[in-house]
Amino acid sequence: MEFELRIVVEKVAISTQEVVERNTLKTYDIEAPQSILELGLRHAEQISLLSKVQNSILAEQCKLIRKDHKTCPNCGGKLGRNGTTKSKFHAVFSDHQLTIQKHRCQNPDCRWQQSSTTNAVFGSNIHPDLAKLQCEQGANFSYRQAQENLEKINTCHRSINNHTQISRLSAQVGEMLCQQNLMTPQSEECAEPVESIILQVDGGHIPIKEKQKRSFEALFAVAYRPENLQPIDNNHRTIVDKSCAISAREDNLETMKTYVLNTALKQGLNSNTIVTALADGAQNCWSVIQALQPHCKHIEAILDWFHIGKKFQPLLNSLAENERESLENAKWKLWHGQATEALEKLTILRNQIKDQKQKSKLKALQDYLQGNQKYLINYEQRQQSNQTFTSQVAESHIDSVINARHKRDGKMQWSREGAHNVLQIRAAMVSQEWQNNWHKAVLPALGVVA
Ligand SMILES: [Zn+2]
């Protein structure tokens, strides 16, 4: 071997370019790789090298922390040095120990002492980038799964990535978002005033493991401008810019109504806006929608064709050939805006059917349509004129938000408020607001000192 490779950190005087300190962090052999495994550095080694580089930077930064602290905040007396404190700092991939200068007041009557831990100086000992990662994992997976995922990314166990820490932080950040979502958005958070907004509201159930308790309902709303519903290909569409709200609180919809108004404002809602609202037909969804009335020009409330289809489908699948045809026929009437005829057809069909189970399912469908009759429109006509009538975009439904977290993992036992908080992180992620605004919730939740 003729050569080796040294990874060196140099501290250099900027004016003279003189190297005042030089440290070899690591020496690597230069050898022909026997396989692709030996190409470059392996996963754990990359993190280890980065950790050493971080140590060099942190050592220099530590020397400067509170360097200009000269006067006592208590009495105004002179401060003297009083040793150093060692404390922990958790970066994204590695844990470190900081050595921070401590001061003490020289005035014998005061003797004020400074606390010099990472927490005391910065408010937190976790780098916000790590906290962000923990929240994202905590919002998308069970906390134990999140811990496992972070261990894989990190190649080792770190106590800072423990599931209890992820759980605590996710709850704190969720709570912060939950409060922020109640506040009227600043004008810079809002789009230009628009003429038209589409609002979809639907509900879903969050299962809980405890047998004696029932699952609880959450409401989900997505607001977007019509032009932002764009085709990906012939069969799929996506909403490129949207604002989402979700609430699992049991408070007579108060939280949800406020959240929905704020998401609509972010999309450009004003007194001249026509809101086209699609809902799954549940009364609480209509109530949330109607609460927007004082803030817009007009609400066009429509029973979502997507949900109508979902109600018809299981029955269509279970009926015999000729009965299915009658049901198809009723659906066709509905599609063409002939709700009364459709309901009549359902009554006739109900009288024909012998099977009690199917009979009651049909009754449920009929009740559903009857209860929402004033929200039934001519769907065919709307499709012809290229107007909204269905929420057929997967990402715009509550299931896509809840499934990603609460349904997949049956092991967690959720309190209603706990689920509500963590779902706020999910909603921010689905809204594409998280990437730009995470620090607004994460920094205060961590207690970061500016
Ligand atoms: Zn003092």
Side-chain angles (χ1 to χ4, degrees), residues 9-16 18-23 25 50-135 158-162 164-180 183 186 421 437-450:
V9 170
E10 289 181 342
K11 184 177 173 182
V12 181
I14 295 172
S15 57
T16 60
E18 182 198 350
V19 177
V20 297
E21 214 179 302
R22 192 164 201 278
N23 272 314
L25 295 186
L50 209 58
S51 171
K52 292 186 173 99
V53 174
Q54 289 250 80
N55 278 335
S56 300
I57 296 170
L58 291 170
E60 291 302 324
Q61 286 184 322
C62 280
K63 293 178 192 168
L64 303 176
I65 292 171
R66 291 180 164 170
K67 197 171 171 252
D68 50 357
H69 281 211
K70 299 262 160 64
T71 42
C72 172
N74 193 32
C75 71
K78 208 174 164 230
L79 287 183
R81 291 174 161 227
N82 183 36
T84 55
T85 308
K86 287 192 191 307
S87 68
K88 286 177 177 167
F89 167 61
H90 307 284
V92 176
F93 294 120
S94 47
D95 302 305
H96 303 271
Q97 197 169 48
L98 303 187
T99 305
I100 303 172
Q101 180 67 52
K102 234 167 32 175
H103 294 92
R104 185 155 77 161
C105 181
Q106 304 284 66
N107 176 354
D109 298 328
C110 175
R111 286 294 180 194
W112 174 82
Q113 280 196 51
Q114 190 172 40
S115 172
S116 286
T117 60
T118 316
N119 264 315
V121 176
F122 297 103
S124 167
N125 62 13
I126 301 178
H127 195 284
D129 287 346
L130 176 59
K132 173 177 179 262
L133 207 56
Q134 289 182 341
C135 284
R158 291 167 69 195
S159 60
I160 193 63
N161 284 331
N162 190 282
T164 50
Q165 152 69 17
I166 298 171
S167 150
R168 193 171 49 234
L169 183 72
S170 301
Q172 282 167 346
V173 169
E175 207 180 317
M176 199 56 70
L177 281 170
C178 163
Q179 287 165 23
Q180 287 173 4
M183 293 189 284
Q186 306 279 313
N421 287 343
N437 294 327
W438 62 269
H439 55 270
K440 281 205 252 172
V442 172
L443 300 188
L446 284 175
V448 166
V449 176

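Atoms within a ligand are numbered from 1 in the order they appear, just like the ligands themselves. Values in this document were obtained by computation on a predicted structure and should not be read as measured data. These values consider heavy atoms only, across backbone and side chains, with no hydrogens, waters or symmetry-generated copies.
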Residues 168-177 side chain polar contacts: donor-acceptor under 3.5 Å, at least two apart:
| from | atom 1 | to | atom 2 | distance (Å) |
| --- | --- | --- | --- | --- |
| Arg168 | NH2 | Gln165 | OE1 | 3.1 |
| Ser170 | OG | Ile166 | O | 2.7 |

Just distance, no hydrogens or angles: give the donor-acceptor pairs under 3.5 Å from side chains in residues 126-133, sequence neighbours left out.
| from | atom 1 | to | atom 2 | distance (Å) |
| --- | --- | --- | --- | --- |
| His127 | ND1 | Asp129 | N | 3.0 |
| Lys132 | NZ | Glu136 | OE2 | 3.2 |

Below 3.5 Å, can you tabulate the donor-acceptor pairs from side chains in residues 68-82 to any protein atom, sequence neighbours excluded?
| from | atom 1 | to | atom 2 | distance (Å) |
| --- | --- | --- | --- | --- |
| His69 | ND1 | Gln114 | NE2 | 2.9 |
| Arg81 | NH1 | Gln101 | OE1 | 3.4 |
| Asn82 | ND2 | Gln113 | OE1 | 3.4 |

If you count every protein N, O or S atom closer than 2.8 Å to the Zn ion (ligand 1), you should arrive at 4
Between the CD atom in Glu60 and the NZ atom in Lys11, the distance rounded to the nearest 0.5 Å is 3.5 Å
field: OG1-CD1 distance between Thr85 and Ile100, expressed to the nearest 0.5 angstrom
entry: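 If we round to the nearest 0.5 Å, Thr85:OG1 and Ile100:CD1 are 7.0 Å apart.
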Between Ser116 and Ser87, the two heavy atoms sitting closest are O-OG, 4.4 Å
